[in-house]
There are 4 protein chains.
Amino acid sequence: MNKIKVDTKQHILEVSLDLFSRKGYSSVSIRDICGKVGIKESSVYYHFKNKQDIFESLCQSFTDVTYAIPQNFAVEMSKVTTVSEEAFLFVCQSFLNDYLMDDKVNKFIRMLILEQSTNSEAAELYHKVLFDEALSGQRVIFEWLVKIGFLKDNAVDSMVMDYYAPVVYLFHRYLVAGEITEQIKAEVNQQLIKHVQHFLIKYKVDNQNQEC
Amino acid sequence: MNKIKVDTKQHILEVSLDLFSRKGYSSVSIRDICGKVGIKESSVYYHFKNKQDIFESLCQSFTDVTYAIPQNFAVEMSKVTTVSEEAFLFVCQSFLNDYLMDDKVNKFIRMLILEQSTNSEAAELYHKVLFDEALSGQRVIFEWLVKIGFLKDNAVDSMVMDYYAPVVYLFHRYLVAGEITEQIKAEVNQQLIKHVQHFLIKYKVDNQNQEC
Amino acid sequence: MNKIKVDTKQHILEVSLDLFSRKGYSSVSIRDICGKVGIKESSVYYHFKNKQDIFESLCQSFTDVTYAIPQNFAVEMSKVTTVSEEAFLFVCQSFLNDYLMDDKVNKFIRMLILEQSTNSEAAELYHKVLFDEALSGQRVIFEWLVKIGFLKDNAVDSMVMDYYAPVVYLFHRYLVAGEITEQIKAEVNQQLIKHVQHFLIKYKVDNQNQEC
Amino acid sequence: MNKIKVDTKQHILEVSLDLFSRKGYSSVSIRDICGKVGIKESSVYYHFKNKQDIFESLCQSFTDVTYAIPQNFAVEMSKVTTVSEEAFLFVCQSFLNDYLMDDKVNKFIRMLILEQSTNSEAAELYHKVLFDEALSGQRVIFEWLVKIGFLKDNAVDSMVMDYYAPVVYLFHRYLVAGEITEQIKAEVNQQLIKHVQHFLIKYKVDNQNQEC
DNA sequence: CATGAATGAGTGTTCATTCAT
DNA sequence: AATGAATGAACACTCATTCAT
């Protein structure tokens, strides 16, 4: 027979993430979670020490996922020596679609935003993920893109700022509040494309000269 | 005799704003508020119908303050015919210092960010203030700056995005979480100056050519 | 100028009686009363010592009204030597219309019914008014009606019971709960007439025989 | 070992009924109930959704009990073809002793009387039980008693009124307020017997004729 | 006469958590 | 692995009342 019963612990985590990201940790009761999971409140305490433990468990699994990204990317980078405009755009879009708009990741970041002011662990994680790590990761990529001659040899910090600020802007404007509908996804994607093209005009090495 | 007793209603509002912005509406109890104000819990209900009423009262006063800005600005604009780079920078900095970094306004926006997912009124107000109204206000200003020959006659939308995205970025990175220390203020100010100069290089009309 | 302002104390009493009779003493707050009267809560304490004092003041004025009835009636009785069937019916109806259905009296008895189990003063007054005094008063009347030859010389206690039980029944069935509409008034009146005629068939001295 | 722990839910219902019938729903606090039951306040909410839920649960169980009566009676009726005066009196007394004076039922009706003006559900139930259903039930019985030749073939409605009005009277006079002592029980029983005999003199078919 | 401001005690209810089963 | 039953602490809110003005 197939597995019919889903792993309850995993189910609790999923439901909790969903609720935490929508109402905030402290506004979600164990009752709320159990209601959606379909178990009694006391049962949670078989799987988790307490409510905080659910939150921390979520943080841990998110950290794991997030910290895997740059390493994966480094592996890919090492294989590649030339980058086309299309490839660059593709990578930017996949960061948006496969990461920031990914159901779990998106919910997670929303949860962090709500908890950043209450919970110092959340605040730290939020800043690491959305700013510190993101920026340093991008710096590495941009330096590499300069090295392989795709981007001009400008100040990388300016470039990163020019690239990333609008991404953060789009994220907060469209992806933090409310449901992420297909319509919103399309809108954000389109704005991202416009932004990347705008960005490349300024920073991409002029290939026509190279081709000459 | 001098006034010794502060207006209790105002005091409640101040304390509430402070706590709401730090812990989120639902994590702040009437007990918390009263403890800091120095009154008994039941006394709050003389001044406000209920907890939600405090929140709405805060929203109202914030709305009033915010909607006064563009009108004040319009008055100033009408008196001016030429703008120097210093003046432009000064205006940008004053928006940062006198608005986004203003204790009340800053706390208020933080509160809205925390409540945007729970409270639709908060979500709407947040988007109006930080995106819709801000963008349309800036569009007006930039169009005027183009008209008076300070900025190049580029697509205004792109210009607004180029200008505003980094502001939003700085706001979320440095001004939303944690205490706003003098050190952070200085850091943000410096980054803003860099950003504005970067922006002007691209969009300011080259006066030397004009003078020729 | 004429009196425009009604006597506040009287106004409080009226509103209180209305609310007490509909929701019960303990379910009516000073706030409720003041809201309807149009004064602030603290103002009540100028006119009354406390909430209980309002109740007692109501009881007093009701007692005064009620205890005046038998005396008034005794005066009337002493002037009359013969009674017609119509006159008897008229008196029965006037007790219903001018007393049990009178807005104030009705509200008052309803209030007593609600408070009889909580407040011993109310319980006592309720039983005095609706049973003890009513029965003894009726006994006096029926004895007099026997003496003047209008009613047969039966056991007065049985007669009183036969007469009064249906009145109490009608009162509790139609006049205690809900609004007393004109329709209900008519219905009760009709049932009372039927009852009185039924009663007189059994107990009235057959005048035709006497006249023979 | 024997069961020592009583069913808590049932215990709460019993205590609540007792208190509601004596002080009225809104004057009884959850604290009062829990104090008597011997549990903490929060424990009530494991068994009942809220205070109102206790009330409704009581109403339901009372409704069940009450609506079972006529059906039980119908079964008995179908087996019997002759009725003695003693049997009639016995039934009347058992309605009094086993229903109106039954601890639970009595408390319940008292509760309804107190709540009739506040709670429309209570008002409806009160009128159904004490008037509408009671009257129609009695009509059925009296019609049957006429058919089997125990009661004279008079207008049934008059008969019902003559029978039931004094019962309602006795109920409100002796059984609604205050403790129901053995003394009161005896008094009411005696008055009921007197009333039934009085009633039978008027309405019972004269058996001496039949015996001839 | 009336009110603005405050308060202590209490109300119904929710919460995270415990623990025996 | 789950649940029935309970609980202490907290919660938003209401109440009758007081008192200086």
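All figures in this text were calculated on a predicted structure; none of them were measured in a lab.
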Margin query: Under the criterion side chain to side chain contact (heavy atoms under 4.5 Å, CB included), I'd like the reasoning laid out for B:Gln52 against B:Asn119: C-alpha separation, chi angles, the key distance, then a yes or no.
Written below: CA-CA 11 Å; B:Gln52 185 62 23; B:Asn119 183 312; 3.6 Å; yes

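- Rounded to whole angstrom, the span from the OH atom of D:Tyr46 across to the P atom of F:dT3 amounts to 11 Å.
- Between C:Ser43 and E:dC1, a side-chain N or O to OP1/OP2 separation shorter than 4.0 Å is absent.
- The side chain to side chain contact (heavy atoms under 4.5 Å, CB included) test applied to D:Lys9 returns D:Asp7, D:His47, D:Phe48, not counting sequence neighbours.
- In this structure, the CG atom of B:Asp7 is 14 Å from the C1' atom of E:dA6, given to the nearest Å.
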If you restrict it to nitrogen or oxygen atoms, what contacts under 3.5 Å exist between nucleotides 15-18 of chain E and the protein, and what is each distance?
unit_1, atom_1, unit_2, atom_2, d
E:dC15, OP2, A:Arg31, NE, 3.4
E:dA16, OP1, A:Val28, O, 3.3
E:dA16, OP1, A:Lys51, NZ, 3.1
E:dA16, OP2, A:Ile30, N, 2.7
E:dT17, OP2, A:Tyr45, OH, 3.1
E:dT17, OP2, A:Lys51, N, 2.8

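- Between the CZ atom of D:Phe55 and the P atom of E:dG12 there is a distance of 15 Å, rounded to whole Å.
- Residues satisfying the side chain to side chain contact (heavy atoms under 4.5 Å, CB included) criterion with C:Thr66, sequence neighbours excluded, are C:Phe62, C:Tyr99, C:Val129.
- Applying the salt bridge (Lys or Arg N to Asp or Glu O under 4.0 Å) rule to pairs touching residues 112-126 of chain D yields nothing, sequence neighbours excluded.
- The phosphate of F:dA5 (OP1 or OP2) has no side-chain N or O of D:Thr8 nearer than 4.0 angstrom.
- Judged as a salt bridge (Lys or Arg N to Asp or Glu O under 4.0 Å), the pairs with a partner in residues 13-22 of chain C (not counting sequence neighbours) are, in order, C:Asp18-C:Arg22, C:Asp18-C:Lys107.
- In this view, C:Arg110 satisfies the salt bridge (Lys or Arg N to Asp or Glu O under 4.0 Å) rule with no residue, not counting sequence neighbours.
- Remark: DNA chain F forms stems of 3 or more consecutive Watson-Crick or G-U wobble pairs, all pair distances under 3.5 Å, at E:2-21 with F:2-21.
- Residues forming a salt bridge (Lys or Arg N to Asp or Glu O under 4.0 Å) with C:Glu41 (at least two apart in sequence, or on another chain): C:Arg31.
- Here E:dT11 presents its P atom at 16 Å from NZ of D:Lys40, a figure rounded to the nearest Å.
- Distance CZ (C:Phe48) to P (E:dC1): 13 Å, rounded to an integer number of Å.
- The list of ring pair (Phe, Tyr, Trp, His ring centres under 6.0 Å) pairs with a residue in residues 9-38 of chain B, not counting sequence neighbours, reads B:Phe20-B:Tyr25, B:Tyr25-B:Phe55.
- The shortest distance between side-chain heavy atoms of C:Val44 and C:Cys34 falls below 4.5 Å.
- The side chain of D:His47 places no N or O atom within less than 4.0 Å of a non-bridging phosphate oxygen (OP1 or OP2) of F:dG4.
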